[in-house]
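As the structure is a computational prediction, the values presented were derived from the model and not from experiment.
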Amino acid sequence: MWDGLLSLGAALATIAIVGVPLWGSHQAITYGIIPAWAYAPMAGLLVVGGIMVIAFLRKASGGVAPLRDRRRR
C-alpha cells in the first residue's frame with residue numbers, strides 16, 4: 001500500500017513539475033512575451049510528461065514503488 005501511495009505522489013509531483021512550466025509558457029505566449037512557435041516544444045513536454053504520469057499511475061494501481069519494476073515480497 002505504501003509503495004502505491006509513493007507512486008501516486010510521484011504522479012502528482014510530475015503533474016506539478018510539468019504543468020507549471022507549461023502554464024507559464026502558455027501565459028507568456030498569450031501576452032506576446034515569446035513567439036507562438038514555442039507551442040511546439042510545449043507539446044513535446046506535454047507528451048513526455050503525460051507518458052510519465054500514466055506510468056506512475058499504472059505503478060500506483062499495481063502497488064509498485066516508483067523506482068521498482070515489481071512489487072516487494
A.B. asks: Could you grab the distance from atom CG of Leu6 to atom CE of Met1, nearest 0.5 Å is fine?
C.D. replies: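 Answer rounded to 0.5 Å: 11.0 Å.
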A.B. asks: So which atom in Leu57 and which in Ala11 form the shortest heavy-atom distance, rounded to 0.1 Å?
C.D. replies: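 Where Leu57 meets Ala11 most closely, the heavy atoms are CD2-CB, 3.9 Å.
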A.B. asks: Give a yes or no on whether Ile17 and Leu12 share a hydrophobic cluster (residues Ile, Leu, Val, Met, Phe, Trp, Tyr; joining criterion: side-chain heavy atoms under 4.5 Å apart).
C.D. replies: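 No, it is not one cluster - the side chains of Ile17 and Leu12 are not joined through contacts under 4.5 Å.
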A.B. asks: To check you understand the geometry: which heavy-atom pair defines the closest contact between Pro21 and Leu45, and what is its length?
C.D. replies: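 Between these two residues, the closest heavy atoms are CB-CD2, 4.4 Å.
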A.B. asks: Should Ile29 and Val18 be regarded as members of a common hydrophobic cluster, given that ILVMFWY residues are connected when their side-chain heavy atoms come within less than 4.5 Å of each other, either directly or indirectly?
C.D. replies: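 Same cluster.
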A.B. asks: Heavy atoms, side chains only, cut-off 4.5 Å: are Phe56 and Thr14 in contact?
C.D. replies: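 In short, these two side chains touch, coming nearer than 4.5 Å.
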A.B. asks: Report yes or no: do Val53 and Ile51 belong to one cluster of Ile/Leu/Val/Met/Phe/Trp/Tyr joined by side chain heavy-atom distances under 4.5 Å?
C.D. replies: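 No: no chain of side-chain contacts under 4.5 Å links Val53 to Ile51.
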A.B. asks: Check each of Arg72, Arg68, Lys59, Arg70 against Asp3 using the salt bridge (charged side-chain N to carboxylate O under 4.0 Å, His left out) test, and report the only one that passes.
C.D. replies: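 Option passing the salt bridge (charged side-chain N to carboxylate O under 4.0 Å, His left out) with Asp3: Arg72.
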A.B. asks: Got a second to check how far Trp23's CH2 is from Thr30's OG1, nearest 0.5 Å?
C.D. replies: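 Interatomic distance, Trp23 CH2 to Thr30 OG1, rounded to 0.5 Å: 10.0 Å.
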A.B. asks: Looking only at non-hydrogen atoms, find the nearest pair between Gly62 and Arg71 and report the distance.
C.D. replies: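 Reported closest heavy-atom pair: O-CD, 3.3 Å.
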A.B. asks: How far apart are the closest heavy atoms of Ala65 and Ser7, and which atoms are they?
C.D. replies: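 Taking Ala65 first and Ser7 second, the nearest heavy atoms are C-OG, 3.5 Å.
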A.B. asks: With rounding to the nearest 0.5 Å, note down the distance linking CD in Gln27 to CG in Leu22.
C.D. replies: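 Going from CD on Gln27 over to CG on Leu22, the span is 12.0 Å.
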